[in-house]
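I have placed the structure first, in the form of structure tokens, so that the comments after it can refer back to it.
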Amino acid sequence: MKIFAFILSFALVCSSAWATFIDGLEDVPIMEGLVQIQNDNISFGNEESRLVQAVLSGKNFSFAEVEKFYQKTLPQMGWIYQGKRENTIIFEREGEIMEIKNENASPLRIIVTVKSKI
């Protein structure tokens with residue numbers, strides 16, 4: 001049943017304008033209008049833990065808009081909103097933590113980090 005709910009949620013997100021997903025985080029969509037900066041990615045891990053970091057950028061967006069998008073979208077992927085700390089929103093799912101940090105306002109530059117809780 002849990003798998004069915006995940007597949008249904010995933011299909012709903014994918015159907016909305018053929019969502020693009022973050023490289024290395026295939027179930028985390030990129031908000032329309034943002035792009036992933038390929039040279040700034042970090043990804044490593046093993047069977048027990050992982051760390052993935054991606055940088056997104058866009059013009060004419062506020063972090064509040066990005067925050068609203070991910071608070072609406074990520075729970076459909078199983079991520080549970082944990083709150084906000086300074087300029088970072090935090091989610092948690094099955095032993096992992098996701099932090100979405102506002103690094104720069106103009107142009108908007110966001111760092112998305114997913115790491116295992118160890």
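The structure presented is a predicted model; accordingly, all values stated were derived computationally and were not measured.
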Can you tell me how far [atom2] of [Y] sits from [atom1] of [X], rounded to the nearest 0.5 angstrom?
X   : Y    : atom1 : atom2 : value
E99 : Q82  : CD    : CD    : 11.0 Å
S57 : I110 : OG    : CD1   : 8.0 Å
F21 : E26  : CZ    : CD    : 9.5 Å
Q53 : I22  : CD    : CD1   : 11.0 Å

**Prompt:** Checking side-chain contact (heavy atoms from CB on, under 4.5 Å) for the pair L74/V28: CA distance, chi angles, key distance, verdict?
**Reply:** CA-CA 7 Å; L74 290 177; V28 179; 4.1 Å; yes
Applying ring-ring contact (aromatic ring centres under 6.0 Å, His included) as the test, list every pair that has at least one member in [range]; sequence neighbours left out.
range           : value
residues 82-118 : Y81-F91
residues 51-73  : none
residues 92-118 : none

Applying side chain to side chain contact (heavy atoms under 4.5 Å, CB included), can you list everything that pairs with [X], at least two apart in sequence or on another chain?
X    : result
V55  : I37, D40, R109, I111
Q38  : D23, Q36, N41
S116 : S49, R50, E96, I118

**Asked** Can you check whether N87's main-chain N or O pairs, donor with acceptor, with N102's side chain at less than 3.5 Å?
**Response**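 Looks like no, no N/O pair under 3.5 Å.
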**Message:** Please check this pair: side chain of R93 against backbone of M98, looking for a donor-acceptor N/O pair closer than 3.5 Å.
**Reply:**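 Side chain of R93 to backbone of M98, a donor-acceptor pair under 3.5 Å: no, none is there.
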**Request:** Tell me who clusters with I90, hydrophobic residues only, linked when side chains sit under 4.5 Å apart either directly or through other members.
**Result:** I97
**Message:** Using the salt bridge (Lys or Arg N to Asp or Glu O under 4.0 Å) criterion, which residues pair with K84? Sequence neighbours excluded.
**Reply:** E67
**Asked** Which residues pass the salt bridge (Lys or Arg N to Asp or Glu O under 4.0 Å) test with E92, sequence neighbours left out?
**Response**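 Here the qualifying residues are K117.
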**Item:** Contacts of S62 that satisfy side chain to side chain donor-acceptor pair (under 3.5 Å) - sequence neighbours left out
**Value:**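 With sequence neighbours excluded, S62 shows a side chain to side chain donor-acceptor pair (under 3.5 Å) to E65, given in chain and number order.
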**Side-chain heavy atoms of L56 within contact of I100, under 4.5 Å** =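 No - every pair of side-chain heavy atoms lies 4.5 Å or more apart.
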**Request:** For residues T73 and P29, report the shortest heavy-atom separation together with the two atoms involved.
**Result:**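 For T73 versus P29, the nearest heavy atoms are CG2-CG, 3.4 Å.
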